[in-house]
Amino acid sequence: MGCSPEAAAAACPDCLERLVRSDLGVSGLSFVHGLSDSPLPFAASAVVQIASDGAEESNGRQHYSSFVLVGLCGAKVPFGSKKCDDNSLENGIHNDPLPEQTVYNDDDQDTQQSDSSSGKGCIEDHENPPGLSKQQQVISTIAKLTPVCYLSIDHTSEVEELILSYLNFSTEENVINSLNLLSENKISGLTGLYFLSFVGFSAFDDLHPSGHVRHPNILPVLGVLETSDHCYMLHPKAPYTLENIMHYSPEAFCSDWHIRFLIYQIISALAYLHDSGVHHGNLRPSNILMSDSLWPYLSITDTCPVKHSWGFSDPKCSPNSCCFMEDCSSKAIYSGFKLQSSLDWQSHFKQWWKGELSNYEYLLVLNKLAGRRWGDPAFHTVMPWVIDFTVMPDESSDNGWRDLTKSKWRLAKGDEQLDFTYSSSEIPHHVSDECLSELAVCSYKARRLPKTILRSAVRSVYEPNEYPSSMQRLYQWTPDECIPEFYSDPRIFASLHSEMSDLALPSWATSAEDFICLHRDALESDRVSQQLHHWIDITFGYKLSGEASVEAKNVMLPPSDPSRPKSIGRHQLFTSPHPKRLVSTPHAVYHNKMDSCGRCCGKRSGATTDAALDGSFPIVLSEIGCLEEFEKATLFAELEHHLNPIYDYATTSTRCSSAKYPKSQNADQILRHDCAMPVAADFDFGSFLECFESDDGSPMGYQELLLWNQKSRSENEHHANDVFSIGCMVAEIYLERPLFDAALLAAYKEIGIVPGALQELPSHVKLFVESCIQREWNRRPTAKHLLESPYFPPSVRSAYMFLAPLQVLCTSRERIKYAAKLASEGALKAMGEFAAEMCAPYCLSLVSSSLSDVDTESALSLLKEFIKSLSIQATKDLILHIIQKILQAVEYSHLKVALLQDSFVRDLWKKLGKQTYIEKIHPLVISNLYNSPNKITASAASTVLIVSSEELGVPITIHQTILPLIHCFGKGLCADGIDTLVRIGGLLGETFVVKQILPLLRNVILSCIDSSKMNKPEPQHSWNTFALVDSLSALEGLVSILPIKAVLKELLQDQVCLHVKVLMQIHLDLRVIQVAATALADLCRRIGPDNTSIYVLPQLKELFAELAFSHESSSLSLLTKGLKTSEGNKSESITMESRIDLVFLLYPFFASLVGIEKLRECCSTWFLLEQTLQRSYNWKWEPSGDCSKNAENMKAQRFQPGNYLSSESVPTNLLFNGAGWSTSQSETSKMAQKAAYSKPGSKLENEISSDNSYTSSSGNQPWFWFPSPDSSWGAPEFLGRGGGVRDELPWKIKASVLYSARAHPGALRSLAVHDDECTVFTGGVGPGFKGSIQRWELPNMNCTSGYYGHEEETQKQNKGHWNSSKNKDPRKIGQIRILTSNWHRINIYLLPFCSVIIVESSGVTEG
């Protein structure tokens, strides 16, 4: 039978692949499969793919990006070329033009850039010559609707750059850049204004972009590629269609609002087409393309003017050829088809039932209706296995025939296993959700497929011997069904891979061609024809659901997430049993290879009689039986009328005279649009924000719909037919079945009988659909008028205006910047809570930990705005998991640090509540303190834990913060984690530390000591070592903040000192011993010499005795000892290399602390120890009473040593360590104690009151600080509180307090103190991640002035000083020098009388 014009210009799969490979192989594009609109495999478009740049995926497979290549009739387009003009580029973006590239547009306008990243594509300024060819009209139509590049395939690098530009999201950066400028009330060109006119900003309705800017719901076109003989259009491949969503995942439309939002977008794109003078003509669910986020697109290739030009040649083909290639090697395979290119199920069913259409062809029709695609491994056309290949098929015998009443899965697994699966599964099911998997298809076709596909779909390591070697083995191996190639293509058995043998044929087949003939005869046999309806019921029919599926053991495994979009799966076509076939198809009807067929030549006798060769039917039914079967078939066809949906009101004869335009237009009017570029009016971003509206909550008024329905009317019949298609699709989405079939449409056209299903629609939907499907086309509304329908609430329009710019093809950086700007200006708030929730999935997908530091500000702002705008439940569902993912990321990110800022955590806490915060966020904050965390991240996490502890309360803090931190001991807990524990103890007071933290630390230390004595594997001993180190470090920090009486009572009186107990363990790691010795020294300095003599020295007698009589002490000499010592005034860290090093660590220290005489009185082995020190370490006590030459260096002996600067006991110098840098609280307290001991005659009293006996050296009053945050900061009050003992009010500044920096907004990087000790300067990262400097008056802790304009964060600042000399500039009474990462010097002058900052910058390089 002859082919339709479209099919005539198409190619068979093999010819199409060969054509693509010869024309475009050099460009890196590889053929995947054809895309056919009919059940036949002939196509004029194909899916192609290209390997993406970058490393392979984790499974070793290369990632590919897919595109669609559409062949256009004719050869080269006789347009001239024109280079891009640099002066025409918008927004000052300059790109070097590339020759040989031309983009054609029929608009009389200036040149316009369409690809800002590579400079490709300029709209040429020319007039269309009269009498344009068909192909010229197609190219002009494409260029009118979207920016497009016209490239010669000879320039392969340009094609690769074109694809790379799309994959890098850089093709439309000029659009988003223009929108970002508009958000700042800056106009640069008309690109942004054009785009706003698309999304409903009525102020620019008079602008007509006409190809300069792509509509957000028009699928991008990468380019038109010209080869020597053909022309192709290249566009991205969409992952889904609306038909896919309706069939396989209808729950993806979560609500009625989502359906309206979808329809609004489709109509918006349609209105754009109509405004450009183009009608679609093919609107149907299968042509509505959908992205992963369910954003719909209309493809230009599906519009009638372009669709009519699909193909590679003019429709000049013979009736028996459907491939335009004259040398097609597959003509013998495909020439026998009797199918039409159009899809009419009722007609095909009747032909099949009467025997006029073969089983093979009818199954192709059903596959097409189910959405299956010929050649696509992921969703390949499926056929039944009909024999098991053990014996030659013979209808007179039951041997070798497959039971078609059972699925192949059931035959392979057995009823017993299926019953067990059904009864034991959490979700009862018998079979998988696919009857033909990609794995099975690729295994079937392994000998013909490229190895790259086999590695991707079957196994990453190619093993040719693992594929089934014969047809019988293949049938036994697979639980899946068959493919049509085993019934039609003898080439499938021949291997293209030298290492893989051909697929072995059954013994009863003499050749591949002979097997295909016999296998096809079996499929068309009477036995199969009488049972095939059972297989159809199982695969496509009523046995896919309900009780029938349970009885047939055919219950499918449902998807884990029904709302997740799917493009493949089992599609139930029929809801009632499929009728049995009346008669079989005669052999001669479906088989045309008479010369090669043994049965035709009389060499074999088959199941059919000889009369079958003459076209007569082998089965004769009685008249009554025939009538009964006829009634069943007729009733079945009527019940399943939904399989013939109609979406176009126009008749077949007039539908695609679609290339023709209304007669009132001449050629120029057809190809040109009135788009004179007007002068842009003043743009006010505020007026755009006013367009965002929320729903008023009142129900939609029926009267409003009626009034709207009486307004606008169509003036173009083609456009009105598109509106009719819109109405049909809207009804189908709600009804879940088509509104019209051929019979219903005919009745509606002739006598106006409305389909009964229309009454099932909700009233507001019904009125909307009725207005779209009016019989008189001029009574239907225009697409623009549909957008104004009350059917679409204000929230739909507002959401579309907010989200449409985010679909622009550009990097997430620019999109998130625009979204954050709109949100911060109040767009989300204006839309209302519900619309903001609808927008969240589209926007929040842009937020990730991979954002750069510059983009973090926008991401953080966007998150904050959504937290403010969303409901509590929506925040949990949409935002919480994003924050968790970022906090869980191992790598450092600026966004993670930003999320850990106090203000954001506080906002999140208030929104979600304490319980959700503790369960979902708090553990992740703690996780950033161990397992090698980043220093900045750990510091931010530490701050969050500290400031939240008081709000959480003591019980929750113990169980949710203290215990998890202690559980992290030995597991990589960083110094900030230990410091967090210490600071929380200082914040919550002495009682908390004594009753809660100290008992836990004591238990950990004692448990680790006991565990270390056991014979356990090395990992356990390593954990003990690190756990002891962490415990002792935490204990050391707590000692520094506890009153002396508490230290004595809890650690020394009436019990063995934990430090001494650790030192007595000879089997412990030397690292632990050294930490314990250092911590003991700090403890003794804290309690003073008298208490040391009373409580500590008696417990050290046994240790000193052990060290004095140890074997190491007698064998060491100064020449062999490897311990590092210090010389002169240079302090060096000491690292223990043997246990005897404890003598040097402890004895000189105690001698300097309590005096040599007291030490000798308490230590009976002092003589031996001093001999060891002199012999091994060259140490000797000086009778002057001063510290020995090495005693001073004991202050620096730590496991992680650090030298402490010597300073006077001035509060400010102790507080800031005299260097302008902030330090941790525990370290500051240690330095304070050491500074006190370095001062001659200083002595710590045993009373607590002695801790506060500091006075100011400058003569000013002592600091009394009751801190409160700066009022301009807006931070919670508790963030300004310090870490002193909770019972002390008002808090005094002491050496142990370092919380004055809490009031500095952002991250603190530097501190400097004025000589009067009452003024402090803080520097670091302020709001917006810019450098900031603030001046603070400590008596009242207020920020008197500040500087926030520095572009980079402050790295260092020198100590501030005041100049009071009269010859100085009277305004410049103080200055601070700031050093940034670029090492530029900036002087800041603070004016106290007017609080104005004068900034002077110099380019002097500091080093």
Side-chain angles (χ1 to χ4, degrees), residues 970 975 1005 1008-1009 1012-1013 1018-1033 1036 1058-1084 1100 1102-1152 1159 1163 1165-1181 1187-1204:
I1005 293 174
C1008 290
I1009 291 175
S1012 64
K1013 298 176 182 178
E1018 174 58 29
Q1020 181 67 27
H1021 283 294
S1022 298
W1023 178 85
N1024 284 334
T1025 297
F1026 291 116
L1028 278 171
V1029 169
D1030 291 341
S1031 301
L1032 291 169
S1033 300
E1036 183 181 5
L1058 291 174
H1059 305 78
V1060 177
K1061 191 172 182 64
V1062 173
L1063 293 175
M1064 292 298 296
Q1065 309 303 315
I1066 61 175
H1067 53 275
L1068 288 178
D1069 192 282
L1070 290 178
R1071 292 172 292 180
V1072 179
I1073 300 298
Q1074 182 167 352
V1075 172
T1078 305
L1080 179 62
D1082 285 340
L1083 172 66
C1084 293
L1100 289 174
E1102 184 179 351
L1103 176 64
F1104 283 148
E1106 177 223 323
L1107 295 175
F1109 294 106
S1110 68
H1111 174 72
E1112 294 181 20
S1113 64
S1114 61
S1115 62
L1116 288 174
S1117 65
L1118 184 61
L1119 296 177
T1120 60
K1121 186 73 186 81
L1123 187 67
K1124 295 181 180 180
T1125 60
S1126 59
E1127 300 177 0
N1129 294 326
K1130 298 178 181 179
S1131 297
E1132 295 184 8
S1133 62
I1134 296 178
T1135 303
M1136 288 184 61
E1137 297 184 355
S1138 65
R1139 184 169 174 78
I1140 196 62
D1141 290 341
L1142 273 176
V1143 177
F1144 181 70
L1145 288 176
L1146 295 178
Y1147 195 88
F1149 167 74
F1150 283 111
S1152 65
L1159 180 59
C1163 181
T1165 58
W1166 63 269
F1167 181 75
L1168 294 176
L1169 293 174
E1170 291 184 12
Q1171 276 190 327
T1172 301
L1173 287 171
Q1174 185 173 5
R1175 180 175 65 252
S1176 301
Y1177 304 100
N1178 197 25
W1179 181 89
K1180 183 178 180 181
W1181 176 256
C1187 299
S1188 66
K1189 62 181 180 180
N1190 290 323
E1192 288 288 344
N1193 299 319
M1194 292 301 296
K1195 301 172 187 177
Q1197 297 168 6
R1198 317 189 70 81
F1199 178 57
Q1200 294 180 343
N1203 299 330
Y1204 297 120

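Everything numeric here is computed off the predicted structure, so don't read it as measured data. For the single chain, residues carry numbers from 1 onward in sequence order.
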Q | Test item: Leu1169 and Leu1107 side chains (from C-beta on) under 4.5 Å apart, heavy atoms | A | yes
Q) Hey, what do you get for CG (Leu1028) to OG (Ser1012), rounding to the nearest 0.5 Å? A) 7.0 Å
Q: Hey, could you give me the CG/CG distance between Asp1069 and Asn1024, rounded to the nearest 0.5 Å?
A: 11.0 Å
Q: For Ser1033 and Val1075, work out which heavy atoms get closest and say how close.
A: OG-CG1, 4.4 Å
Q) When rounded to the nearest 0.5 angstrom, what is the spacing between CD in Gln1074 and CG in Leu1032? A) 12.0 Å
Q. Taking only residues two or more places apart in sequence, or in another chain, which ones meet Leu1168 in a side-chain contact (heavy atoms from CB on, under 4.5 Å)?
A. Ala1108, Phe1109, Gln1171
**Q.** side-chain contact (heavy atoms from CB on, under 4.5 Å) between Cys1163 and Phe1150, intermediate numbers included
**A.** CA-CA 11 Å; Cys1163 181; Phe1150 283 111; over 6 Å; no
Q. Leu1070 and Glu1137: side-chain contact (heavy atoms from CB on, under 4.5 Å), yes or no, with the steps?
A. CA-CA 7 Å; Leu1070 290 178; Glu1137 297 184 355; 5.6 Å; no
Q | Minimum side-chain heavy-atom gap Pro1148-Tyr1177 below 4.5 Å | A | no
Q. For the residue pair Leu1100 and Leu1080, what are the closest heavy atoms and their distance?
A. CD2-CD2, 4.1 Å
(Q) Just so I know, are the side chains of Gln1065 and Val1072 near enough to count as touching, which here means a heavy-atom distance under 4.5 Å? (A) no
Q.
Could you measure the distance from the OH atom of Tyr1147 to the CZ atom of Phe1104? Nearest 0.5 Å is fine.
A. 7.5 Å
Q: Specify the closest pair of heavy atoms between Cys1084 and Phe1149, including all atoms of both residues, with the distance to one decimal.
A: CB-CE2, 4.1 Å
Q. Trp1166 versus Leu1159: any side-chain heavy-atom pair under 4.5 Å?
A. no
Q | Set of side-chain contact (heavy atoms from CB on, under 4.5 Å) partners for Ala1027, sequence neighbours left out | A | Phe969, Cys1008, Trp1023
**Q.** Distance (rounded to the nearest 0.5 Å) between Glu1036 CD and Thr1078 OG1
**A.** 7.0 Å
Q.
Could you tell me if the side chain of Leu1063 sits less than 4.5 Å from the side chain of Leu1146, heavy atoms only?
A. yes
Q) If only atom types and distance count, is the side chain of Asp1082 paired as donor or acceptor with the main-chain N or O of Ala1079 below 3.5 Å? A) no
(Q) Could you measure the distance from the NE2 atom of His1067 to the CD1 atom of Ile1073? Nearest 0.5 Å is fine. (A) 8.5 Å
(Q) Quick one, Glu1106 with Ile1066, criterion side-chain contact (heavy atoms from CB on, under 4.5 Å). Give me CA distance, side-chain angles, the key distance, then yes/no. (A) CA-CA 10 Å; Glu1106 177 223 323; Ile1066 61 175; 3.7 Å; yes
Q. Can you tell if the side chain of Ser1022 reaches within under 4.5 Å of the side chain of Thr1025, non-hydrogen atoms only?
A. no
